[in-house]
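To start, the structure itself, in structure tokens.
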Amino acid sequence: MASLRASLLLAAALCALAASGAAASRDLRPLRAGFVVRGRVWCDTCRAGFETPATTYIAGAKVRVDCRSKTTRVKTCSFEGHTDRTGTYNILVADEHEHELCESVLVSSPDMRCAKTVPGRERAPVFLTSNNGVASNVRMANALGFQKDVALPRCAQILKMYEDEDDRV
């Protein structure tokens with residue numbers, strides 16, 4: 001009987017301790033191990049500066065996610081990954097980065113005929129915090145681009161299509 005009473009008292013004490021710890025906690029959301037930064041890397045085959053019907057996607061491109069302090073601009077962390085056969089990368093980023101500026105950055109292309117970065121398309125910001133209303137831990141980055149040294153022959157006709165659309169607006 002005494003051991004049953006001691007067990008019940010111990011169980012009650014553990015329950016009270018657990019309840020007081022939960023009540024003291026301000027943030028009851030589950031902790032996240034980090035984020036997945038997802039994006040695509042494309043080859044600007046027309047040297048247009050944007051994706052066209054002739055655009056291809058680069059498998060094996062190297063991409064990095066860099067985070068810097070918002071106040072000092074000092075790099076705090078870096079994570080690397082490669083694109084799959086569809087030109088898509090999924091880079092795992094550890095931890096929360098609410099007080100940092102993070103961005104996906106092109107590193108290299110395996111295609112030497114499409115290895116120069118498209119100006120303005122070499123980096124894309126990503127927000128790596130769970131305090132922004134996004135329920136998923138996947139964060140989408142804008143597509144990043146390399147460009148061919150020489151535009152494909154059919155690009156003149158493709159770009160003409162965009163000129164015609166501009167005239168109608």
Side-chain angles (χ1 to χ4, degrees), residues 20-152 155 158-159 162 165-166 169:
S20 68
S25 174
R26 291 183 179 180
D27 192 354
L28 299 178
R29 289 176 295 174
L31 294 177
R32 295 199 175 159
F35 300 91
V36 175
V37 176
R38 181 176 297 155
R40 290 187 89 184
V41 176
W42 52 282
C43 179
D44 184 359
T45 55
C46 289
R47 298 181 57 86
F50 53 88
E51 293 171 86
T52 68
T55 293
T56 59
Y57 295 90
I58 303 174
K62 190 174 185 180
V63 179
R64 188 176 62 236
V65 174
D66 289 334
C67 294
R68 298 182 182 282
S69 165
K70 284 183 180 177
T71 54
T72 66
R73 302 289 194 246
V74 172
K75 187 187 288 188
T76 56
C77 60
S78 186
F79 303 88
E80 287 191 353
H82 290 85
T83 57
D84 63 16
R85 62 181 176 76
T86 68
T88 302
Y89 61 90
N90 290 286
I91 300 176
L92 298 174
V93 176
D95 301 322
E96 181 82 19
H97 299 276
E98 182 175 8
H99 302 292
E100 295 163 81
L101 300 169
C102 300
E103 58 188 358
S104 291
V105 181
L106 281 176
V107 176
S108 63
S109 171
D111 182 354
M112 290 304 108
R113 294 169 296 158
C114 191
K116 182 180 175 191
T117 58
V118 175
R121 305 288 187 207
E122 68 278 356
R123 56 188 59 238
V126 288
F127 299 97
L128 301 177
T129 178
S130 50
N131 293 325
N132 62 0
V134 179
S136 170
N137 71 335
V138 176
R139 298 297 188 267
M140 301 300 293
N142 287 339
L144 305 173
F146 289 105
Q147 65 184 359
K148 278 207 170 281
D149 296 330
V150 177
L152 296 176
C155 288
I158 290 171
L159 295 177
Y162 289 102
E165 286 184 17
D166 287 344
V169 175

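Residue indices begin at 1 and follow the sequence shown.
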Answer yes or no: is there a side-chain heavy-atom contact under 4.5 Å between Pro110 and His82? no

Flag for Tyr162-Thr52: side-chain donor and acceptor within less than 3.5 Å: no

What distance separates Thr55 OG1 from Lys148 NZ, expressed to the nearest 0.5 Å? 11.5 Å

Are more than 12 heavy atoms, taken from residues, nucleotides or ligands other than Asp84, located less than 6.0 Å from that residue's CG atom? yes

Distance-minimising heavy-atom pair for Asp44 and Gly49: OD2-N, 2.7 Å

CG of Asp66 to OG of Ser104, rounded to nearest 0.5 Å, is 9.0 Å

Interatomic distance, CG@Asp95 vs CZ@Phe35, rounded to 0.5 Å, equals 9.0 Å

Indicate yes or no: at least one non-hydrogen side-chain atom of Arg139 is less than 4.5 angstrom from one of Leu128. yes

Could you tell me if the side chain of Leu101 sits less than 4.5 Å from the side chain of Pro125, heavy atoms only? no

Taking every non-hydrogen atom, the tightest pair across Ala54 and Cys46: CB-SG, 3.9 Å

Closest non-hydrogen atom pair between Ser69 and Thr76, with its separation: N-CG2, 3.9 Å

CZ on Phe127 to CD on Glu103, rounded to 0.5 Å: 10.5 Å

Tell me, which pairs form a disulfide bond (SG atoms under 2.5 Å apart) where one or both residues lie in residues 78-151, sequence neighbours left out? Cys43-Cys114, Cys67-Cys102

Within 45° of the six-membered ring axis of Tyr57 and under 6.0 Å from that ring's centre, is NZ or CZ of Arg40 located there? yes

Quick one: does any side-chain atom of Thr83 pair with a main-chain N or O of Gly60 as donor and acceptor, under 3.5 Å? yes

In short, Asn142 meets Tyr89 closest at the heavy-atom pair O-OH, 4.5 Å

Counting only N and O atoms by type, is there a donor-acceptor contact under 3.5 Å from the side chain of Glu122 to the main-chain atoms of Gly120? yes

Please tell me if the side chains of Val36 and Leu92 come closer than 4.5 Å, counting only heavy atoms from C-beta onward. yes

Please enumerate all residues that pass side chain to side chain donor-acceptor pair (under 3.5 Å) together with Lys62, with sequence neighbours excluded. Glu80

Let me confirm one number: the CZ-CD distance from Arg47 to Gln147, rounded to the nearest 0.5 Å. 4.0 Å

When rounded to the nearest 0.5 Å, the distance separating CZ of Arg64 from CD1 of Ile91 is 9.5 Å

Might you point out which heavy atoms bring Leu106 and Gly145 nearest each other, and give the distance in Å? CD1-O, 3.3 Å

Could you check if a side-chain atom of Asp111 sits within less than 4.5 angstrom of a side-chain atom of Phe146, using non-hydrogen atoms only? no

Is it the case that the side chain of His99 and the backbone of Glu96 share a donor-acceptor pair, with hydrogens and angles ignored and the cut-off at 3.5 Å? no

Over all heavy atoms of both residues, which pair between Cys155 and Thr45 is shortest? Give the atoms and the distance, please. SG-O, 3.5 Å

